[in-house]
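Down below is the structure, laid out as structure tokens.
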Amino acid sequence: LLPWVENGTVILIGATTENPYFEVNKALVSRSRIFQLKPLTKQNLHDIAMQAVRDAVRGYGRFEVSFEPEALDHLIETSNGDARSLLNAVELAVETSAENFPPVPGTGISVSLETAEESIQKKALLYDKEGDYHYDTISAFIKSIRGSDPDAALYWLATMVRAGEEPRYIFRRMLISASEDIGLADPAALGVVESAAAAFDRVGLPEGRFHLAQAALYLATAPKSNTTLAFFDALAAVEQEFAREVPNHLKDAGRDKEGFGHGEGYLYPHAYKDHWVAQQYLPTGLQGRIFYEPTDVGFEAGIAERITRRREIQLATVIEDRTEEILTFSPPDRESERWHNRVNRETGRTLAAVRDRLFKAVDYDRPEADPHITGKAGSPGQAGTQQQVYGFSRHDCILVLEPGVPVLLWEALRRTPEGSVYYMPSDEKTAEICRHHASTLPEENRPVELHSSGASIADGALRKSLAQELRFEKIILRDMLTNSEKRAGILQELAAVIRPGGFLVLNQFIPSKAQRLSYLGGLAALEKSAPDSFRLLRECENELYGNSSNPMINWTEKDIAEAVELTGFRTEYSIYTIEENRQISAGDISKWFDPAGSGYGGYLSARMPAEDFRILSNSVTELLSGRTEKWTLSFLLLKAF
């Protein structure tokens, strides 16, 4: 056809219900003018009907035709925008409303709703002018689904179908309900309704009613959850404040990585166990904010515990900053530097491992393999023969003490659902995060916050905050005994508030066994290329970690055990290590070798010639920057009884 259309021999006129831009030859479409015919509006149809009624030549203007309330509206509603269908129905309604047609000119003809229904073969929904019954019926249908009443859902569905409600409208409302009322309690619900709607489009009425019924029954009998409403909490948070900056490590590294460092420090989750690693995803200042609260129903119950446990580690990672580790021991950093330092560690994985190991030790009913068991109550051999039963009771009263945002607190709550768990936040920011997270728990399962009033535990803050008679069956500590000057005071306070027969378990990072730079694999080349610099580094690190005058690193696991025993406990302890895959940046190295801002850098610079210190710093930067190294952390796990 193309050449004959182009030279004017053929005038092409076509009509299609398909999209011509997809279904018609593109060469023909490009030489054609396309007109899109749309359904007529209700007002258009009303005008056409009244024109037919008033036209004395081609219509019914010779008679006094009137419509009862809602009769004409019903004809318009059910004609689906088609004027021919409407005019046929008007013709049938008018001519069957007269006793004999045509009557004498001037005769009055009144068209009732019943006649209108018969003329277009569709029953009218019992809608008033505002459509209240229409909306009331669909409301009853959705509320029956939400209330898990399949019988009522089928009844209201049948009411709408019998009245001629548009099936696509019903499916649209069920699609909304599948996400609003069911959501992750049964993620398949959305797919079921979508598939039923697609099947209905292929089958149509009357058989399509099976698909309507199947979708309605599935939704009505599915487990319910409205946690998708969390989106609107997030939306409210966005609307109440200015747009927050995207954290640097989440920015697109494809455009500005070289100039601005965008994407630097991002941890690729698929490179980690279980395809997850704790890192910051919310904007700075919103870390710890909770929008989604999974229920314990259906499929969502299966993800609730996993999400909760990861969120607890995420919360702790936001604040966690192991300042007792000698390489990061320095004055308080700016928040961005602190986060950058944490994001390049597997801190979340380490915290999860510490939590799991500690609670496994509490549950264990006999000493672990080759522990050290000492104490005034008996010789090591005697103590080892006595079986100690630890474990948790549902009614235990427990005290959990940790620096920063707790990670052990929430596990202790899970272990004692009918007991009580107390904690003392280290600062107001930590307290706010804990309160927000606790608010997602049932009120009877929330921890009890103790207030220090600015004082330390060693100075009596714990006993001052407790009711006089309150004592604990178990006390759980993490990294609370670092400072030797405060250690004895903390332990004396704890001994005073533990019940007879109770026990204490602590997990303590050991700074004297911290990772040394000279032992990193990436510095093996330094020993060959600059042996003098490497020797100086090794010697300085040996002196630093053996410095008996530094309270941050001058103690061992035996010192902790002896301090605990002085309060009247027997102890059982062991040492374990955790390896992190730590990505080292140039910023980390610059911080470590900062003579003014780092205890490590200050120690090395004071004991090396300036030129050697400069060469060493530059060499370490060249060899380690951007590398991922195995970083070893050593911990003391001690149980006292």
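What you are looking at is a predicted structure, and each value in this text was computed from that prediction instead of being measured.
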Are [X] and [Y] close enough that some pair of their side-chain heavy atoms sits under 4.5 Å apart?
X      : Y      : answer
Asn507 : Leu477 : no
Cys434 : Pro447 : no
Leu399 : Leu494 : yes
Leu638 : Val505 : no
Asn445 : Glu418 : no
Gln515 : Leu520 : yes
Phe534 : Asp532 : no
Val354 : Ile578 : yes

Do side-chain atoms of [X] reach the backbone of [Y] as a donor and acceptor pair under 3.5 angstrom?
X      : Y      : result
Asp559 : Thr556 : yes
Gln508 : Leu481 : yes
Arg394 : Pro417 : no
Ser590 : Ala586 : no

Is a salt bridge present between [X] and [Y], judged by a nitrogen-to-oxygen distance below 4.0 Å?
X      : Y      : value
Arg516 : Glu541 : no
Glu411 : Arg414 : yes
Glu493 : Arg463 : yes

Nearest heavy-atom neighbours spanning [X] and [Y]:
X      : Y      : value
Glu473 : Cys397 : OE1-N, 2.6 Å
Cys540 : Tyr603 : O-CE2, 3.7 Å
Glu629 : Ile584 : CG-CD1, 3.8 Å
Phe509 : Ser634 : CD1-O, 3.6 Å
Lys474 : Ser393 : NZ-N, 4.4 Å
Tyr545 : Ser512 : CD2-O, 3.9 Å

Does [X] qualify as a cation-pi partner of [Y], given the criterion of NZ or CZ under 6.0 Å from the six-membered ring centre and within 45 degrees of its axis?
X      : Y      : answer
Arg499 : Phe472 : no
Arg607 : Phe613 : no
Arg355 : Phe359 : no

Quick one: [atom1] on [X] to [atom2] on [Y], what's the gap to the nearest 0.5 Å?
X      : Y      : atom1 : atom2 : value
Tyr423 : Glu402 : OH    : CD    : 11.0 Å
Asp612 : Arg535 : CG    : CZ    : 8.5 Å
Ile398 : Arg415 : CD1   : CZ    : 9.5 Å
Ile490 : Leu462 : CD1   : CG    : 10.5 Å
Leu624 : Asp588 : CG    : CG    : 10.0 Å
Leu523 : Lys528 : CG    : NZ    : 13.0 Å

Leu506 and Arg478: side-chain contact (heavy atoms from CB on, under 4.5 Å), yes or no, with the steps? CA-CA 6 Å; Leu506 68 86; Arg478 179 176 68 88; over 6 Å; no

When you compare the side chains of Thr430 and Asp427, does any donor N or O come within less than 3.5 Å of an acceptor on the partner? yes

Derivation of the side-chain contact (heavy atoms from CB on, under 4.5 Å) call for Leu616 and Met608: CA-CA 10 Å; Leu616 178 63; Met608 287 185 183; 3.4 Å; yes

For the pair Trp631 and Trp592, name the ring-plane relationship: parallel under 30°, tilted 30 to 60°, perpendicular over 60°. tilted

State whether the number of non-hydrogen atoms from other residues, nucleotides or ligands found under 6.0 Å of Glu622 atom CD is greater than 12. no

Crowding at CD, Glu428 (>12 non-hydrogen neighbours, <6.0 Å): yes

Check against side-chain contact (heavy atoms from CB on, under 4.5 Å), Phe503 and Ile476: CA-CA 9 Å; Phe503 71 87; Ile476 301 173; over 6 Å; no

Please lay out, stage by stage, how Thr567 and Gln492 fare under the test side-chain hydrogen bond (donor to acceptor under 3.5 Å, both in side chains). CA-CA 6 Å; Thr567 62; Gln492 289 170 4; over 6 Å; no

Pair Leu637-Tyr573, side-chain contact (heavy atoms from CB on, under 4.5 Å): steps then yes or no: CA-CA 6 Å; Leu637 181 59; Tyr573 65 89; over 6 Å; no

